[in-house]
Amino acid sequence: MDVRVRGSRVRGVRVLTATGVLAGLLAGCGIRATQVPTDFAPAPSMVPCELSVTDIATQATPSMPVEVFLLCSGALVRVNRSVQVAEGTDEPARRVVVAQGLLDALAGDPSDAEDEAGYDTAVPSGLTVTGPRPGDPEDALRLSTAPDSLPKYALAQIVCTFADSAAAGDNGSVALGSTSAESLRRYECTPETQSDPGAGNPPSTEVGGT
């Protein structure tokens, strides 16, 4: 037999043996051998649902500072926003202005930093709000869409945002209704609603309306 042929066969056996050993080692380590390069995504650059002081401070404006609840990791999380309220606005009108500003803030896109940290919103754009009708509680707010027609996550965001704001008196609840219906319900922002907003509508009781 030609020596060169035998030598090439020997080298071929050695290559195959080495390949087999390498595959065995990879399998033993729980790694599946592959013939194509594997690209791994970069590690997240921000801890989910955490914003730095710098990220929060950049949202501040000369307007009235407020807080809204956005969604993150399946829960409601507070973030800073601001609302424009003209000086000298009387209290009833001020409530409505604040409420509309809060709705607009909830429906807006999260900032780049918030988006990177996993924040999102379920509140649809275009929602409007008016104040109480005659006979309604003074803190009642009426939405252009019936509250119970909104997605559960969106209603939880709105209830918890309103209930802890100047729009509803900071008492942990808010009387909500529709501009197209007479009934009102008083919704509460409970710890359960904040931790699991998709479980169901926030607890509520019917209140007198017009």
Side-chain angles (χ1 to χ4, degrees), residues 44 46-53 55-57 59-60 64-83 94-111 113-125 127 129 131-132 136-178 181 183-209:
M46 183 174 291
V47 177
C49 305
E50 288 192 10
L51 295 174
S52 68
V53 175
D55 296 327
I56 295 173
Q59 299 175 23
M64 173 183 175
V66 294
E67 291 182 328
V68 302
F69 283 88
L70 295 185
L71 299 168
C72 194
S73 294
L76 297 183
V77 183
R78 297 173 190 267
V79 297
N80 291 341
R81 290 293 187 267
S82 60
V83 172
R94 182 172 177 271
R95 286 181 184 273
V96 177
V97 171
V98 172
Q100 186 63 59
L102 293 171
L103 276 183
D104 294 341
L106 285 170
D109 293 330
S111 68
E114 290 164 351
D115 183 66
E116 187 178 358
Y119 287 78
D120 199 1
T121 183
V123 177
S125 60
L127 278 179
V129 61
D136 286 351
E138 66 176 8
D139 63 341
L141 297 169
R142 292 185 174 272
L143 303 175
S144 55
T145 297
D148 288 351
S149 297
L150 293 167
K152 291 181 174 61
Y153 285 100
L155 181 58
Q157 285 183 259
I158 292 170
V159 167
C160 286
T161 296
F162 281 174
D164 194 29
S165 74
D170 297 328
N171 61 1
S173 69
V174 57
L176 289 179
S178 167
S183 62
L184 284 170
R185 298 193 69 83
R186 183 167 293 280
Y187 294 87
E188 295 182 28
C189 177
T190 63
E192 291 75 19
T193 297
Q194 294 185 38
S195 63
D196 191 6
N201 287 343
S204 66
T205 55
E206 190 169 1
V207 297

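No hydrogens, no waters, no symmetry mates; every other heavy atom, side chains included, goes into these values.
- Under the rule for a salt bridge (charged side-chain N to carboxylate O under 4.0 Å, His left out), R185 has no partner lying at least two apart in sequence or in another chain.
- Judged as a side chain to side chain donor-acceptor pair (under 3.5 Å), and not counting sequence neighbours, R94 has no contacts.
- Using a 4.5 Å heavy-atom cutoff, the side chains of V79 and V68 are in contact.
- Every residue was checked against the salt bridge (charged side-chain N to carboxylate O under 4.0 Å, His left out) condition with E138, not counting sequence neighbours, and none meets it.
- Listed by chain and residue number, nothing satisfies the side chain to side chain donor-acceptor pair (under 3.5 Å) test with T145 (two or more places apart in sequence, or in another chain).
- Every residue two or more places apart in sequence or in another chain was checked for a side chain to side chain donor-acceptor pair (under 3.5 Å) with Q194, and none qualifies.
- Put simply, the side chain of L184 reaches to within 4.5 Å of the side chain of P137, judged on heavy atoms.
- Sorted pairs that involve residues 188-201 and meet salt bridge (Lys or Arg N to Asp or Glu O under 4.0 Å), not counting sequence neighbours, are lacking altogether.
- Proximity of F162 to L143: side-chain heavy atoms (C-beta onward) are separated by under 4.5 Å at one or more points.
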With a cut-off of 3.5 Å and sequence neighbours excluded, list every side-chain donor-acceptor pair involving residues 98-109.
| from | atom 1 | to | atom 2 | distance (Å) |
| --- | --- | --- | --- | --- |
| Q100 | OE1 | V129 | N | 3.0 |
| Q100 | NE2 | D104 | OD1 | 3.0 |
| Q100 | NE2 | L127 | O | 3.1 |

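- Under the side chain to side chain donor-acceptor pair (under 3.5 Å) criterion, S178 pairs with S180, not counting sequence neighbours.
- Sorted by first then second residue, the side-chain hydrogen bond (donor to acceptor under 3.5 Å, both in side chains) pairs that include residues 149-159, not counting sequence neighbours, are T121-Q157.
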